[in-house]
Undergrad: 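There's a structure below that I have some questions on.
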Amino acid sequence: MTELRKKLIEDMSIRNLASSTQKSYVIAIQRLAKHYKRSPADLSESEVREYLLRRVQVDKIQTSTFKQDISALRFLYAVTLNREWMIRHLPYPRAQQTLPVVLTKQEVKKLIRAATNLRERTLISVTYDTGARVAEVMALRVSDIDRARNVIHIRAGKGNKERQVLLSAALLKLLEQYWREYRPKDYLFPNRYGKAGSVEVLQRLCKEAAQRAGLNTEIHPHALRHSFATHLLEQGTNLRTVQVLLRHAHITTTQRYLKVTTDHLQTVKSPLSSR
């Protein structure tokens, strides 16, 4: 490990960045170093700009990936290298106004039924019924299931912010069945070494279950979080409650789910039908 990478990781740990954020920052900076075959500490401002331009024009990366690259470089140069002038004029990409992928309740049921075993079925059900992020689900511990209060403690949230979500009777029943069969000791969904399972495991099983269920859209676990929020709003749950359950810092983030709810559309009379 180079001294720069060591200091970068130390700085991210001190800032209490989520482990997934730390991993993505390291990968983004490694990619920059590999491109120039030199340490990022030796690069000029123009070289960094040229690299980012290539990422957009040649690699044609998504806006979300580009934002991640920008954030990683800003942290590296402003915090670790104390060269804020290096990134002062780096343009930040304009956010794309895209609607989240949302499944219908029937599609969620199909996805769950398409799971090949109880572990997969429980993983998908927990992801949907809690609205948790992928990393949050895989970091759940057995002790986070609070049967006495009917809540699940999400302790490894984005920005290390803890929250509680409802433990429904249906999910509790499924979790009890899962525990009796697999007997997890610490992490709820451990890997073979007893540590927290990989997020890639949940991503892969959702994709494969969607294919078996005959769903046309390639399903990422985050679509279950989007579906959870949208279905709550369609059931009449107020926006502020959904914001708290999802642990959104800004309610404007939660408001985008109002754009994909369908209940209000049922009251609209089709112009074709009125003829």
Side-chain angles (χ1 to χ4, degrees), residues 20 62-64 95-140 152 154 157-158 163 165-175 177-178 188-189 197-248 251-268:
S20 57
Q62 296 181 346
T63 302
S64 58
Q96 291 178 318
Q97 298 299 316
T98 56
L99 293 177
V101 175
V102 174
L103 304 177
T104 65
K105 291 182 180 180
Q106 190 59 37
E107 286 174 329
V108 172
K109 289 179 181 179
K110 285 183 178 180
L111 190 69
I112 294 173
R113 292 195 195 107
T116 59
N117 55 49
L118 178 60
R119 176 184 167 87
E120 291 185 0
R121 189 161 70 250
T122 306
L123 259 169
I124 296 173
S125 298
V126 168
T127 305
Y128 170 66
D129 209 41
T130 62
R133 299 177 178 89
V134 187
E136 294 171 345
V137 172
M138 301 312 293
L140 282 173
I152 297 177
I154 307 292
K158 188 175 182 180
R163 69 183 187 281
V165 295
L166 175 68
L167 173 59
S168 67
L171 186 57
L172 174 59
K173 184 178 179 179
L174 181 62
L175 283 168
Q177 183 183 354
Y178 168 79
L188 191 60
F189 302 109
S198 167
V199 297
E200 286 79 10
V201 170
L202 181 51
Q203 291 169 345
R204 185 179 66 254
L205 78 85
C206 278
K207 179 180 178 180
E208 293 173 351
Q211 291 173 344
R212 288 192 297 270
L215 301 180
N216 295 326
T217 307
E218 185 173 306
I219 302 303
H220 186 278
H222 216 68
L224 294 172
R225 176 173 165 86
H226 296 325
S227 304
F228 166 81
T230 303
H231 296 163
L232 285 181
L233 290 171
E234 290 180 340
Q235 292 169 189
T237 307
N238 69 70
L239 196 63
R240 172 57 181 162
T241 299
V242 176
Q243 179 194 4
V244 172
L245 289 173
L246 295 179
R247 202 65 168 99
H248 283 158
I251 201 164
T252 51
T253 306
T254 317
Q255 285 175 332
R256 66 180 178 152
Y257 294 112
L258 292 173
K259 298 178 182 178
V260 290
T261 57
T262 59
D263 279 6
H264 69 285
L265 296 178
Q266 308 307 318
T267 63
V268 179

Undergrad: Who pairs with Lys207 by side chain to side chain donor-acceptor pair (under 3.5 Å), at least two apart in sequence or on another chain?
TA: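 Scan of Lys207 (side chain to side chain donor-acceptor pair (under 3.5 Å), adjacent residues dropped) gives none.
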Undergrad: If I compare all heavy atoms of Leu111 with all of Cys206, which pair ends up nearest, and what's the gap?
TA: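 Heavy atoms only, the tightest pair is CD1-O, 3.8 Å.
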Undergrad: Quick one: are Leu123 and Val126 in side-chain contact, heavy atoms under 4.5 Å?
TA: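 No, every pair of side-chain atoms sits at 4.5 Å or beyond.
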Undergrad: Closer than 4.0 angstrom, basic N to acidic O: yes or no for Lys105 and Glu234?
TA: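 Here Lys105 does not pair with Glu234 in a salt bridge, since their nearest N and O are not under 4.0 Å apart.
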Undergrad: For Ala223, give me all partners under side-chain contact (heavy atoms from CB on, under 4.5 Å), at least two apart in sequence or on another chain.
TA: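 Result, side-chain contact (heavy atoms from CB on, under 4.5 Å) vs Ala223: Val101, Ile219.
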Undergrad: Tell me every residue that passes side chain to side chain donor-acceptor pair (under 3.5 Å) with Gln106, counting only those two or more places apart in sequence or in another chain.
TA: none
Undergrad: Do the side chains of Leu245 and Thr130 get nearer than 4.5 Å, heavy atoms only?
TA: no
Undergrad: Output the distance between atom CD (Glu107) and atom CG (Leu224), rounded to the nearest 0.5 Å.
TA: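 The CD atom of Glu107 sits 11.0 Å away from the CG atom of Leu224.
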Undergrad: Testing Leu232, Thr127, Leu103 for side chain to side chain contact (heavy atoms under 4.5 Å, CB included) with Ser227, which one passes?
TA: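 Answer to the side chain to side chain contact (heavy atoms under 4.5 Å, CB included) test with Ser227 among Leu232, Thr127, Leu103: Leu103.
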Undergrad: Of all the heavy-atom pairs spanning Gly131 and Arg163, show the shortest one and how long it is.
TA: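 Closest approach of Gly131 to Arg163, heavy atoms only: O-NH2, 4.1 Å.
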Undergrad: With sequence neighbours left out, what residues match Phe189 under ring pair (Phe, Tyr, Trp, His ring centres under 6.0 Å)?
TA: Tyr178
Undergrad: Please find the pair of heavy atoms, one from Gln177 and one from Leu118, that lie closest to each other, and give the distance.
TA: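 Scanning both residues completely, I find the closest heavy atoms to be O-CD2, 3.7 Å.
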Undergrad: Would Asp129 and Leu166 count as a side chain to side chain contact (heavy atoms under 4.5 Å, CB included) if you check the C-alpha gap in whole Å, the side-chain angles of each, and the deciding distance to 0.1 Å?
TA: CA-CA 8 Å; Asp129 209 41; Leu166 175 68; over 6 Å; no
Undergrad: To the nearest 0.5 Å, what is the distance between NZ on Lys173 and OG on Ser125?
TA: 13.0 Å
Undergrad: Under the salt bridge (charged side-chain N to carboxylate O under 4.0 Å, His left out) rule, collect the residues that match up with Glu120, sequence neighbours excluded.
TA: Arg212
Undergrad: Would you name the heavy atoms of His220 and Val134 that are closest together and state the gap between them?
TA: CE1-CG2, 4.0 Å
Undergrad: Test side chain to side chain contact (heavy atoms under 4.5 Å, CB included) on Leu167 and Leu175 and set out the steps.
TA: CA-CA 10 Å; Leu167 173 59; Leu175 283 168; 3.9 Å; yes
Undergrad: Under the rule for ring pair (Phe, Tyr, Trp, His ring centres under 6.0 Å), what residues qualify as partners of His222, not counting sequence neighbours?
TA: His226
Undergrad: Residues two or more places apart in sequence or in another chain: which of them pass side chain to side chain donor-acceptor pair (under 3.5 Å) with Thr237?
TA: none
Undergrad: Mind checking side chain to side chain donor-acceptor pair (under 3.5 Å) for Ser20 and listing every partner two or more places apart, or none if nothing turns up?
TA: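 If we apply the side chain to side chain donor-acceptor pair (under 3.5 Å) test to Ser20, skipping adjacent residues, there are no hits.
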Undergrad: Mind checking what makes ring pair (Phe, Tyr, Trp, His ring centres under 6.0 Å) contact with Tyr128, not counting sequence neighbours?
TA: His231
Undergrad: Which heavy atom in Arg121 sits nearest to a heavy atom in Leu174, and how many Å separate them?
TA: O-CD2, 4.1 Å
Undergrad: Does Arg113 have any salt bridge (charged side-chain N to carboxylate O under 4.0 Å, His left out) partners at least two apart in sequence or in another chain, and if so, which?
TA: none
Undergrad: Mind running side chain to side chain contact (heavy atoms under 4.5 Å, CB included) on Val137 and Leu188 for me, showing each step along the way?
TA: CA-CA 9 Å; Val137 172; Leu188 191 60; over 6 Å; no
Undergrad: Looking only at non-hydrogen atoms, find the nearest pair between Val199 and Met138 and report the distance.
TA: CA-CG, 4.0 Å
Undergrad: Using the test side-chain contact (heavy atoms from CB on, under 4.5 Å), find all partners of Gln243 that sit at least two apart in sequence or belong to another chain.
TA: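 So Gln243 forms a side-chain contact (heavy atoms from CB on, under 4.5 Å) with Arg240, His248, Ile251, Thr254.
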